[in-house]
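Report on the following structure.
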Amino acid sequence: LLVAKRSLQLLRFSNGFIFNILFDKYIRRDEEKYRKERAIELLDLIQKAGPTAIKVGQALSVRPDLIPAEYADVLTTLQDRVPPFATTEAKDLLRSELGAGLSKIETQGK
């Protein structure tokens, strides 16, 4: 249920982006002209999607052989200008992802 909820959330975030890319490619027939604009939309989408998406964006930003150069250029902002988020949010994320409290994890590491 949680996975389905997150999938729907990501689909809702990305609907406009996907539509715009398809519109550029098949209706306007000039996707290259709008790449910079779409790259900025992708950056916004990645930042809204959360830490995992940001990590993927950071990895893609150094791989212009995998994505268009315009996208890679915009995604490089994820290397050093990621928006901060609260420590409590980070701890909650770790707790939910790892299924344990931080004190328990730190104790296991020693």
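A search for side-chain contact (heavy atoms from CB on, under 4.5 Å) contacts involving Asn20 returns Arg38, Glu41, not counting sequence neighbours.
Of the inter-residue distances, the one linking Lys48 atom NZ with Arg12 atom CZ reads 9.5 Å to the nearest 0.5 angstrom. Within the model, atoms CD1 of Ile40 and CG of Leu75 stand 11.0 Å from one another, a figure rounded to the nearest 0.5 Å. The line from OH of Tyr71 to CG of Leu42 is 6.5 Å long, rounded to the nearest 0.5 Å. In this structure, the separation between CZ on Arg29 and CG on Asp24 is 12.5 Å, given to the nearest 0.5 Å.
Of all non-hydrogen atoms in Leu60 and Ala72, the two that sit nearest each other are O-CB, 4.5 Å. Pairing each heavy atom of Arg63 with each of Ala59, the nearest pair is CG-O, 3.5 Å. For the pair Gly50 and Arg6, the tightest heavy-atom approach, listed with the atom from each and the gap, is N-NH2, 4.5 Å. Contact record, Ser61 with Thr76: CB-N, 3.6 Å, taken as the closest heavy-atom pair.
Val56 and Ile54 fall within a single hydrophobic cluster, where Ile, Leu, Val, Met, Phe, Trp and Tyr are joined by side-chain heavy atoms under 4.5 Å apart, directly or via other members. Residues Leu43 and Leu10 fall within the same hydrophobic cluster, defined by Ile, Leu, Val, Met, Phe, Trp and Tyr side chains chained together at heavy-atom separations under 4.5 Å. If you chain together hydrophobic residues whose side chains sit under 4.5 Å apart, Leu78 and Phe17 fall into the same group. One hydrophobic cluster holds both Ile27 and Phe19 under the rule that ILVMFWY side chains link at heavy-atom gaps under 4.5 Å.
Using a 4.5 Å heavy-atom cutoff, the side chains of Val62 and Gln79 are in contact.
With respect to Arg28 and Asp30, no salt bridge is recorded, no charged nitrogen being found less than 4.0 Å from a carboxylate O.
Glu31 places no side-chain N or O within 3.5 Å of a backbone atom of Ile21 that could act as its donor or acceptor partner.
Heavy atoms of other residues, nucleotides or ligands lying less than 6.0 angstrom from CG of Leu11 number more than 12.
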